[in-house]
*Asks:* 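Here it is: the structure, laid out below.
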Number of protein chains: 2
Amino acid sequence: MSNLANNIESYIKCLLNASPNAAILLQRKELAERFQCVPSQINYVLSTRFTPERGYLVESRRGGGGYLRIRRLDLNRDKVVQLLEMLRGLVEDGISFQEAIDFVGRLTDARIVTRREGQLIKAAVCQDARQMEEEFLRSTRAIMLARMLEILLQDS
Amino acid sequence: MSNLANNIESYIKCLLNASPNAAILLQRKELAERFQCVPSQINYVLSTRFTPERGYLVESRRGGGGYLRIRRLDLNRDKVVQLLEMLRGLVEDGISFQEAIDFVGRLTDARIVTRREGQLIKAAVCQDARQMEEEFLRSTRAIMLARMLEILLQDS
DNA sequence: TCTTATCTGACCTTATCTGACCATAGTTCC
DNA sequence: GGAACTATGGTCAGATAAGGTCAGATAAGA
């Protein structure tokens, strides 16, 4: 269903797509006015949708002439390989379910995996807890994700 | 034999039939109001009638702008029906690693999944034992496989 | 009567949205 | 240069708007 947050999110993404370098500069107040909401609603959207985990970078500046700069960091294959390295190294820390979901989102956005493949990965990674501890789950998830990524990166 | 649950069930099925892609998006509260019952009655109907075993998928989201999305899986193809049969047994008995591998082989042979997708599934399913017991692994594997199959059965 | 299916309501969790108050960066005026 | 003013953006608690769960009451069948 379409709520304010979703609308603002799509609007920003649309602007980002239209931008040649996947970066936009805008004002919080203006955006809030366009959607007829309080300015802090913009912060809500930014903090829930445009997170680093999802591949976005937000900078801002207060005061007169203040602004918001939103950038989308696109993953390329090399970056994924790097991330994979990290992931393998960090098997102890593991990865949360949400982090995994966000990561897969980035992969699909960057066309590194298809939508269907992305869903497949998510399905695999979303194991239900049952008697397992979160500690253990995190690490299992990381291992599995790493293995799946390896497969996807090696061919094609 | 027309009770509330049955009426709600038919109503939803009717909407699904009218939908071009066999998927609908609605609100629990609204539906409850239409049938003048408590919202939780909707959950009852969903959990007894629109189960994966019966070929449906239900997603939902809470909060402002929350929704229920109900999808009917395309069960026309014989192959899919067969898969569902297999899937049903799967979760109870669990599945060994080799069985899983073989199963995926059949899926690729039948062109239900691509080679790449098949590898992905295998990668996910081949979890290393570590401290887990085989009994537990079998069931974890089965559940995961079932979840992935569910995804694949969705009309991409 | 006994069992199973329905149905309800109280209580819980999550997502969204607002407004009051805070922090920072220019601008103006002395 | 500094004080006062103005223009932004940031934070956070609390209100609002959904959907989820579960125990227990009720109804329908066997």
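The sequence lines fix the lettering, A, B, ..., with proteins before strands; numbering per chain opens at 1. Below, all heavy atoms of this structure are taken into account, side chains as well, without hydrogens, waters or symmetry copies.
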*Asks:* Send over the distance from A/E30 CD to D/dT8 P, rounded to a whole Å.
*Replies:*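 Distance, rounded to whole Å: 9 Å.
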*Asks:* Provide, to the nearest angstrom, the distance between the CG atom belonging to B/N7 and the C1' atom belonging to D/dA27.
*Replies:*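 After rounding, the reported distance stands at 15 Å.
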*Asks:* CD1 of B/I42 versus P of D/dG19: gap in Å, rounded?
*Replies:*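 In whole Å, D/dG19 P and B/I42 CD1 are 10 Å from each other.
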*Asks:* Regarding B/G66, tell me which of base, sugar-phosphate or nothing describes its non-hydrogen contacts under 4.0 Å with the strands shown.
*Replies:*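 Sugar-phosphate contact only.
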*Asks:* Taking for each residue the nucleotide of DNA chain D with the nearest heavy atom, is it B/S60 or A/Y67 whose nucleotide lies nearer the 5' end?
*Replies:*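 Residue closer to the 5' terminus by nearest nucleotide: A/Y67.
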*Asks:* Would you tell me whether A/R71 and A/N21 have side-chain atoms, one donor and one acceptor, within less than 3.5 Å of each other?
*Replies:*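 No, because no side-chain N or O of A/R71 sits under 3.5 Å from a partner of the opposite role on A/N21.
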*Asks:* Verify, without hydrogens or angle tests, whether A/N3 (side chain) and B/G64 (backbone) share a donor-acceptor contact under 3.5 angstrom.
*Replies:*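 Yes, because the side chain of A/N3 sits within donor-acceptor range (under 3.5 Å) of the backbone of B/G64.
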*Asks:* Listed by chain and number, what are the ring-ring contact (aromatic ring centres under 6.0 Å, His included) partners of B/Y67, not counting sequence neighbours?
*Replies:*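 Here no residue qualifies.
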*Asks:* To the nearest angstrom, how far is A/Q27 atom CD from D/dA7 atom C1'?
*Replies:*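 Computing the A/Q27:CD to D/dA7:C1' distance gives 9 Å.
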*Asks:* Are any protein N/O atoms closer than 3.5 Å to N/O atoms in nucleotides 5-12 of chain C? If there are, list each pair with its distance.
*Replies:*
residue: C/dT6; atom: OP1; partner: B/R49; partner atom: NH1; Å: 3.4
residue: C/dT6; atom: OP1; partner: B/R49; partner atom: NH2; Å: 2.8
residue: C/dT6; atom: OP2; partner: B/Y44; partner atom: OH; Å: 2.2
residue: C/dT6; atom: OP2; partner: B/R49; partner atom: NH1; Å: 3.1
residue: C/dT6; atom: O5'; partner: B/Y44; partner atom: OH; Å: 3.3
residue: C/dC7; atom: OP1; partner: B/L4; partner atom: N; Å: 2.8
residue: C/dC7; atom: OP2; partner: B/A5; partner atom: N; Å: 2.5
residue: C/dC7; atom: OP2; partner: B/Q41; partner atom: NE2; Å: 2.8
residue: C/dG9; atom: O6; partner: B/S40; partner atom: OG; Å: 2.6

*Asks:* Take A/G64 and A/E59, find for each the nucleotide of DNA chain D with the closest heavy atom, and name the residue whose nucleotide sits nearer the 5' end.
*Replies:*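 The residue closer to the strand's 5' end, by nearest nucleotide, is A/G64.
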*Asks:* Rounded to whole Å, please give me the gap between NZ in A/K29 and C1' in D/dT6.
*Replies:*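 One finds 11 Å between C1' of D/dT6 and NZ of A/K29, rounded.
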*Asks:* Backbone N or O of A/L15 within a donor-acceptor pair of the A/S19 side chain at under 3.5 Å?
*Replies:*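 Not confirmed, A/S19 side chain does not pair with A/L15 backbone.
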*Asks:* What is the separation between atom CG on A/L26 and atom C1' on D/dT8, rounded to the nearest whole Å?
*Replies:*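 Roughly 14 Å, once rounded to whole Å.
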*Asks:* Got a sec, which residues hit salt bridge (Lys or Arg N to Asp or Glu O under 4.0 Å) with A/E9, two or more places apart in sequence or on another chain?
*Replies:*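 Salt bridge (Lys or Arg N to Asp or Glu O under 4.0 Å) check on A/E9 returns A/K13, A/R49.
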*Asks:* Rounded off to whole Å, could you give me the CG-to-P distance for the B/L25 and D/dG19 pair?
*Replies:*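 To the nearest whole Å, that distance equals 10 Å.
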*Asks:* Donor-acceptor check, side chain of B/T51 to backbone of B/S47, threshold 3.5 angstrom: yes or no?
*Replies:*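 Not a single qualifying donor-acceptor pair exists.
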*Asks:* Measure from the side-chain N and O atoms of A/E117 to the backbone N and O of B/E117, and report whether any donor-acceptor pair falls under 3.5 Å.
*Replies:*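 No.
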*Asks:* Of the candidate nucleotides D/dG10, D/dA18, D/dG20, which contains the atom at the shortest distance from the side chain of A/L68?
*Replies:*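 Nucleotide nearest to A/L68's side chain: D/dG10.
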